[in-house]
Protein chains: 2
Amino acid sequence: MVVPRAGRRPATSAGELEHVALRMFDERGFDETTVEDIAAAAGIGRRTFFRYYASKNDAAWGDFDSQLGRMRAALAATPPAVGVLDALRTAILDFNRYPAAEAVWHRRRMVLILRTPALTAHSTLRYAGWRAVVADFVAARTGAAPGDLIPQAVAGAFLGVALAAYEQWLADDRAELQALLDTALTLLSTGLRLP
Amino acid sequence: MVVPRAGRRPATSAGELEHVALRMFDERGFDETTVEDIAAAAGIGRRTFFRYYASKNDAAWGDFDSQLGRMRAALAATPPAVGVLDALRTAILDFNRYPAAEAVWHRRRMVLILRTPALTAHSTLRYAGWRAVVADFVAARTGAAPGDLIPQAVAGAFLGVALAAYEQWLADDRAELQALLDTALTLLSTGLRLP
DNA sequence: CGTTATTGTGGCACCCGGTGCCACTAGTCT
DNA sequence: AGACTAGTGGCACCGGGTGCCACAATAACG
């Protein structure tokens, strides 16, 4: 299904590069793996690496932004009868549901991101997109502007508790991500009433 | 009141360096100011700069960590009769109250941090300390461990809404930070019930 | 078929943040 | 005067990231 276009063909793909990078990060560590190493392993030049990913950090994240589109669509498709907070909780749970096969890699990636300071820092920039999805939905539902305090605060709160759930998940092998997320997200609807 | 110690005296101080850096960042922009520029303006060598601040980012933040000690102490001193959430709201409001003179610089610094991608990213690492203060307090009050889901989730939620309030403050010159923070923080206690 | 337009590659040189090393400077103490 | 000590800063190096540009590979056209 490759439409023939003019010009030389790409030497690799973002997905393949991401895989190579992720495996090397996992084996040697993020800081111990240079971009040159990754490029060499993928059979491309260092310069070319930066045409696929704007930074070494971005390679660890993959195409997160396009995934966000899924969540945005899911929220938009929520029937109006469902409350705002319930809709968000459901959508976030769905967004973080992975088939068993992918789950292993997902966990590995999240360990990497949440335990490597450079990646943790960088992640803030990615979360901005996530928050925007939530804020836009809240705004649409409440008639506020997406940039207003309420939608932004709600988005920030949801992100905050979701990340806490993720941390717990990574800390304990046997924990269930969905259960942790559900507990954390529900906490918001109940005014942080501590059970 | 300088106690004479052995050895050469420091050429400057962290505070002075922070001031020089902050002014230059404000005038030229963060990315347009190199460490060499700052060092030269402060009359020290580039190498020496990194003895005062571990990174260029850190210079923009100043001694945030020591400020956190204040918040921790304020929380610890809260009478047990005051509810957890109320205690947190009060402490956070206090922590972000600045005398008029300092307020101008505080605002300038926050504009810098929240509008410069590199600094926004780095800030995540600083917020970890802030979250720890909140989580520790919640843990102490509820008998949970500081690393447990509930304390961490509460800390994440508070940080999320507080940052949203800050964003609003920066977006509008005439806005009152305290009022915005109060609205955002109260939102948590009321289960994000949208007024 | 050769030519041309197009798309991607990757080497090179450079900038900047950050670090290890080490000689040097400027002090105090005996 | 030494000896000791804390701080300075030059130098060389590493690694991420970028602008530039020649070159490679492919499709389309005459």
Side-chain angles (χ1 to χ4, degrees), chain A residues 1-18 20-22 24-25 28-61 112-113 116-126, chain B residues 1-18 20-22 24-25 28-61 112-113 116-126:
Chain A
M1 202 50 190
V2 176
V3 177
R5 274 178 313 129
R8 182 175 179 167
R9 277 175 238 141
T12 180
S13 70
E16 200 174 327
L17 206 47
E18 182 196 332
V20 171
L22 221 50
M24 295 182 78
F25 291 157
R28 296 196 223 170
F30 184 78
D31 293 326
E32 288 68 35
T33 309
T34 71
V35 171
E36 193 142 13
D37 293 337
I38 304 169
I44 61 172
R46 195 179 95 95
R47 189 65 185 80
T48 302
F49 173 95
F50 288 107
R51 292 227 173 72
Y52 286 88
Y53 286 105
S55 74
K56 186 182 165 184
N57 293 323
D58 287 312
W61 272 92
L112 191 66
I113 289 174
T116 307
L119 285 175
T120 306
H122 180 75
S123 63
T124 309
L125 307 176
R126 296 310 194 92
Chain B
M1 203 50 195
V2 176
V3 177
R5 274 179 314 129
R8 181 175 181 168
R9 275 167 242 146
T12 180
S13 70
E16 201 173 325
L17 205 47
E18 183 196 330
V20 171
L22 221 48
M24 294 181 79
F25 292 155
R28 294 196 224 170
F30 184 78
D31 293 325
E32 288 68 34
T33 309
T34 71
V35 171
E36 193 142 12
D37 292 338
I38 304 169
I44 60 173
R46 195 178 94 96
R47 190 64 184 80
T48 302
F49 173 94
F50 288 107
R51 292 226 174 72
Y52 286 88
Y53 286 105
S55 74
K56 186 183 167 185
N57 293 323
D58 287 312
W61 272 92
L112 191 66
I113 289 174
T116 307
L119 286 175
T120 306
H122 180 75
S123 63
T124 309
L125 307 175
R126 297 311 195 94

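Here is how names work: the chains are called A, B, and so on, in the same order as the sequence lines, proteins then strands, and each is numbered from 1.
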| request: Would you mind reading off the distance between A:R47 atom CZ and C:dG10 atom C1', rounded to a whole angstrom? | output: 9 Å
| When you match B:S55 and B:A6 each to their closest nucleotide on DNA chain C, which lands nearer the 5' end? | B:S55
| request: Report yes if a side-chain nitrogen or oxygen of A:Y52 is closer than 4.0 Å to either non-bridging phosphate oxygen (OP1 or OP2) of C:dT9; otherwise report no. | output: yes
| request: Indicate, with a heavy-atom threshold strictly under 4.0 Å, whether A:Y53 touches base, sugar-phosphate, or nothing. | output: nothing
| N/O donor-acceptor pair under 3.5 Å between B:T116 side chain and B:L119 backbone | no
| query | Which of residues 32-44 of chain B sit near DNA chain D, with a heavy atom under 4.0 Å from it? | reply | B:I44
| Within less than 4.0 Å of OP1 or OP2 of C:dC24, is there a side-chain N or O belonging to B:R8? | no
| field | Pairwise 5' ranking along DNA chain D for A:A54 and B:P10, keeping only the more 5' one | value | B:P10
| message | Any donor-acceptor pair, under 3.5 Å, between the side chain of A:R51 and the base of C:dG10, if you only look at N and O atoms? | response | yes
| request: With heavy atoms under 4.0 Å as the rule, sort A:G45 into base, sugar-phosphate or nothing. | output: sugar-phosphate
| Honestly, is A:K56 close enough over A:F30, meaning NZ or CZ under 6.0 Å from the six-membered ring centre and within 45° of the axis? | yes
| remark: So side-chain hydrogen bond (donor to acceptor under 3.5 Å, both in side chains) across residues 37-54 of chain B, not counting sequence neighbours, yields B:R28-B:D37, B:T34-B:D37
| said: Closer than 3.5 angstrom, by distance alone: can the side chain of B:T120 be matched with the main-chain N or O of B:I113 as a donor-acceptor pair? | reply: yes
| field | Residues A:I38, A:I44; criterion side chain to side chain contact (heavy atoms under 4.5 Å, CB included); working and verdict | value | CA-CA 9 Å; A:I38 304 169; A:I44 61 172; over 6 Å; no
| message | List the residues meeting side chain to side chain contact (heavy atoms under 4.5 Å, CB included) with A:A41, not counting sequence neighbours, and say none if there are none. | response | A:V20, A:M24
| Atom pair CZ/OG of B:R126 and B:S123 - distance to nearest 0.5 Å | 9.5 Å
| Within residues 116-124 of chain A, residues whose heavy atoms come under 4.0 Å of DNA chain C | none
| query | CG of A:D31 versus C1' of C:dT19: gap in Å, rounded? | reply | 14 Å
| request: Would you kindly give the CZ-to-C1' distance between B:R46 and C:dC15, to the nearest whole Å? | output: 11 Å
| field | A:T124: partners by side chain to side chain donor-acceptor pair (under 3.5 Å), with sequence neighbours left out | value | B:T124
| request: Extract, from 5' to 3' on DNA chain D, the first and final nucleotides lying under 4.0 angstrom from some heavy atom of chain B. | output: D:dT5 to D:dC11
| Between C1' of C:dT7 and CZ of A:R5, the distance in whole Å | 7 Å
| query | Looking only at heavy atoms, which two atoms of B:G29 and B:T33 are closest? And how far apart? | reply | O-OG1, 2.7 Å
| field | Atom pair OG1/CD of B:T12 and B:E18 - distance to nearest 0.5 Å | value | 11.0 Å
| request: Starting at CZ of B:F49, measure out to CG of B:L17 and round the result to the nearest 0.5 Å. | output: 5.5 Å
